[in-house]
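See below for the structure under consideration.
In each ligand, atom 1 is the first atom listed, and ligand 1 is the first ligand listed.
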Amino acid sequence: MSRFAGDIAVVTGGASGIGLAISTRLVEEGARVVIGDINPESLRAAAISFGGAVVTQPVDVRVEGEVEALVAAAESLGGLTLGFNCAGLGAFGEIAELSEADWDTVIDICLKGVFLSLKHQARAMRRSGRSGAIVNIASLNARVPMYGGGAYAAAKAGVEMLTRNAALELAADRIRVNTVSPGLTDTPLTAGFRDLQGAEAAFMARIPMARWGSPRDMAAAALFLASEDAGYITGSNLVVDGGWETTGYPDLKPWREAFRAPGA
Ligand code: NAD
């Protein structure tokens, strides 16, 4: 398949999990890809496994100059046409306990990082004069609250609304902007859930399809939204969750001490 032959893409958080699956599929389908990530080891591993088929560049999506430089790396390949904004983290903290610093970290990475990425991708797409598509990765938590997820869910709800505003402002430039909202997806971010006694079963009891999503499930949805097949879709949020939105979250209180633990 070469759905994306001639396209040049930036993928933030592209060295792991969902972003890595998106990068892999983009390369398989003919795009040239610039992967940006804050984790140097994952970036190195991605550079080795893609064997020169991608450009890798360190980026902290909270820092505007670094985001601008990442987009410039893609532009130097011939003009940006696709943006996938996947950088994010997991975060747990009940609102009554949450520190200002932890709030700021989550909002800065998950929401401000998407704003900065969108801003510079949109400018580069305007400069290219070609049509473009941007897909932001939010979460089911944009719609469904999670015990201990106040900052994360608020950031992800912000991503959904930011996407709709961007769709409104960029349509005249032939730039479409959409959101993918994953449910429980099997990536390094959620690997720890399997070790928490009973937690996986509690999730599965709420997910009608009773399985984890795979990073490839999310990549398939993201690439659909970026493709010509979605040519009349902008400002949407595609929830990819095995039906989980129909039932809501399990009660995570039984695992709150484990989630609070460093590294959880
Ligand atoms: P992951 O940890 O495998 O990948 C996230 C990547 O983002 C990592 O490579 C990390 O180094 C990078 N990153 C973190 N902070 C960064 C920063 N400041 N600048 C640049 N890169 C940074 O996790 P994933 O599950 O693939 O998550 C991808 C996205 O999907 C995230 O936005 C996450 O919130 C969202 N999401 C994941 C799930 C899930 O169940 N895994 C569910 C809903 C939403």
Side-chain angles (χ1 to χ4, degrees), residues 10-25 34-47 56-71 84-92 104-117 120 135-146 149 151-160 162-163 179-194 199-200 203-204 206-207 211-219 221-222 237-242 244-245 249 252 263-264:
V10 162
V11 184
T12 75
S16 176
I18 294 168
L20 183 60
I22 288 173
S23 301
T24 303
R25 188 101 194 245
V34 176
I35 293 178
D37 204 289
I38 200 170
N39 184 320
E41 287 93 52
S42 320
L43 266 185
R44 217 173 359 257
T56 56
Q57 183 158 316
V59 69
D60 182 341
V61 294
R62 294 168 288 188
V63 181
E64 182 157 18
E66 295 187 17
V67 173
E68 206 172 355
L70 182 73
V71 169
F84 296 86
N85 298 315
C86 313
L89 79 171
F92 182 88
D104 285 346
T105 300
V106 176
I107 300 296
D108 283 356
I109 295 176
C110 291
L111 181 55
K112 179 181 162 184
V114 174
F115 155 63
L116 292 174
S117 302
H120 289 285
V135 179
N136 298 320
I137 305 298
S139 166
L140 179 62
N141 296 126
R143 303 259 177 98
V144 176
M146 163 175 71
Y152 181 79
K156 294 299 190 178
V159 169
E160 181 176 7
L162 183 63
T163 301
T179 303
V180 167
S181 280
L184 187 66
T185 309
D186 194 2
T187 71
L189 191 73
T190 48
F193 290 4
R194 293 185 192 276
E200 188 175 6
F203 281 116
M204 289 308 142
R206 291 295 182 121
I207 299 173
R211 70 164 176 87
W212 290 70
S214 70
R216 283 191 77 87
D217 288 327
M218 305 309 145
N237 180 3
L238 182 51
V239 178
V240 187
D241 68 345
W244 192 6
E245 192 181 5
Y249 246 68
L252 297 185

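- Nearest protein neighbour of atom 24 (P) of ligand 1, counting heavy atoms only, is T187 OG1, 3.5 Å.
- Among protein heavy atoms, the minimum distance from atom 22 (C) of ligand 1 is reached at I38 CG2, 3.5 Å.
- Relative ring orientation between W212 and F193 is described as tilted, the plane-to-plane angle lying within the 30° to 60° band.
- The nearest protein atom to atom 27 (O) of ligand 1, hydrogens excluded, is given as L189 CD2, 4.0 Å; this is a heavy-atom distance.
- In this structure, E66 and I38 have side chains that are not in contact, with every pair of non-hydrogen atoms separated by 4.5 Å or more.
- The shortest side-chain heavy-atom distance between T185 and T190 does not fall under the 4.5 Å cut-off.
- When side chains are defined from C-beta on, L43 counts as touching P58, because their heavy atoms get closer than 4.5 Å.
- Among L20, N39, I22, I137, the residue whose heavy atom lies closest to atom 30 (O) of ligand 1 is I137.
- Minimum heavy-atom separation, A138 to P182: O-CD, 3.5 Å.
- Contact analysis leaves G113 out of contact with ligand 1, as no non-hydrogen atom separation drops below 4.0 angstrom.
- Within the listing of ligand 1, atoms 40 (O) sit less than 4.0 angstrom from a heavy atom of L184.
- When hydrogens are left out, the protein atom nearest atom 40 (O) of ligand 1 is T185 N, 2.8 Å; that is the closest non-hydrogen contact.
- Of all the heavy atoms of T190, the ones lying under 4.0 Å from any atom of ligand 1 belong exclusively to the side chain.
- Residue contact annotation: G183 has a non-hydrogen atom under 4.0 Å from ligand 1.
- Shortest contact from atom 8 (C) of ligand 1 to any protein heavy atom: D37 OD2, 3.6 Å.
- When only non-hydrogen protein atoms are considered, atom 43 (C) of ligand 1 lies nearest to P182 O, 3.3 Å.
- Here the side chains of F92 and Y152 are not in contact, with every heavy-atom distance at 4.5 Å or above.
- Heavy atoms of M218 found under 4.0 angstrom from ligand 1: none, in either backbone or side chain.
- What you find for G158 and L111 is that their closest heavy atoms are C-CD1, 3.6 Å.
- Considering backbone and side-chain N/O atoms, C86 comes within less than 3.5 Å of an N/O atom of ligand 1.
- Note: an N/O pair closer than 3.5 Å links V61 and ligand 1 by distance alone.
- Taking only nitrogen or oxygen atoms, main chain and side chain alike, S139 does not reach within less than 3.5 Å of ligand 1.
- The I109 neighbourhood of ligand 1 comprises atoms 15 (N), 18 (N), with distances under 4.0 Å to a heavy atom of that residue.
- For ligand 1, the polar-atom distance check against D60 finds a nitrogen or oxygen pair separated by under 3.5 Å.
- Listed here is the closest heavy atom pair of D37 and G14: OD2-N, 3.5 Å.
- Comparing heavy-atom distances from atom 32 (O) of ligand 1 across E66, K112, K156, R62 singles out K156 as nearest.
- In this comparison of A15, G88, G13, G14, the heavy atom closest to atom 14 (C) of ligand 1 sits on G88.
- Classification of D104 and R62 as a salt-bridged pair fails, no side-chain N sitting under 4.0 Å from a carboxylate O.
- Residue A15 comes nearest to I35 through the heavy atom pair N-CG2, 3.7 Å, listed as atom of the first residue, atom of the second, then distance.
- Using a 4.5 Å heavy-atom threshold, the side chains of C110 and V159 count as separate.
- Among protein heavy atoms, the minimum distance from atom 3 (O) of ligand 1 is reached at S16 OG, 2.6 Å.
- Considering only heavy atoms from C-beta on, N237 stays 4.5 Å or farther from T163 through its side chain.
- When each atom of ligand 1 is checked for a heavy atom of A87 under 4.0 Å away, the hits are 7 (O), 20 (C), 21 (N), 22 (C), 32 (O).
- Checked by distance only, ligand 1 and G36 stay at 3.5 Å or farther apart across all their nitrogen or oxygen atoms.
- Residues M218 and V240 come closest through the heavy atom pair CE-O, 3.4 Å.
- Salt bridge annotation for R143-D241: absent, with no cationic side-chain nitrogen under 4.0 angstrom from a carboxylate oxygen.
- Taking every non-hydrogen atom of V59 and a distance limit under 4.0 Å, the qualifying atoms of ligand 1 come out as 19 (N), 20 (C).
- Look at A138 and you'll find a heavy atom under 4.0 Å from some atom of ligand 1.
- Heavy-atom contacts of G17 reach the following atoms of ligand 1: 3 (O), 26 (O) (cutoff under 4.0 Å).
- Between C86 and I22 the shortest side-chain heavy-atom distance falls below 4.5 Å.
- The nearest heavy-atom contact from the protein to atom 33 (C) of ligand 1 is Y152 OH, 3.7 Å.
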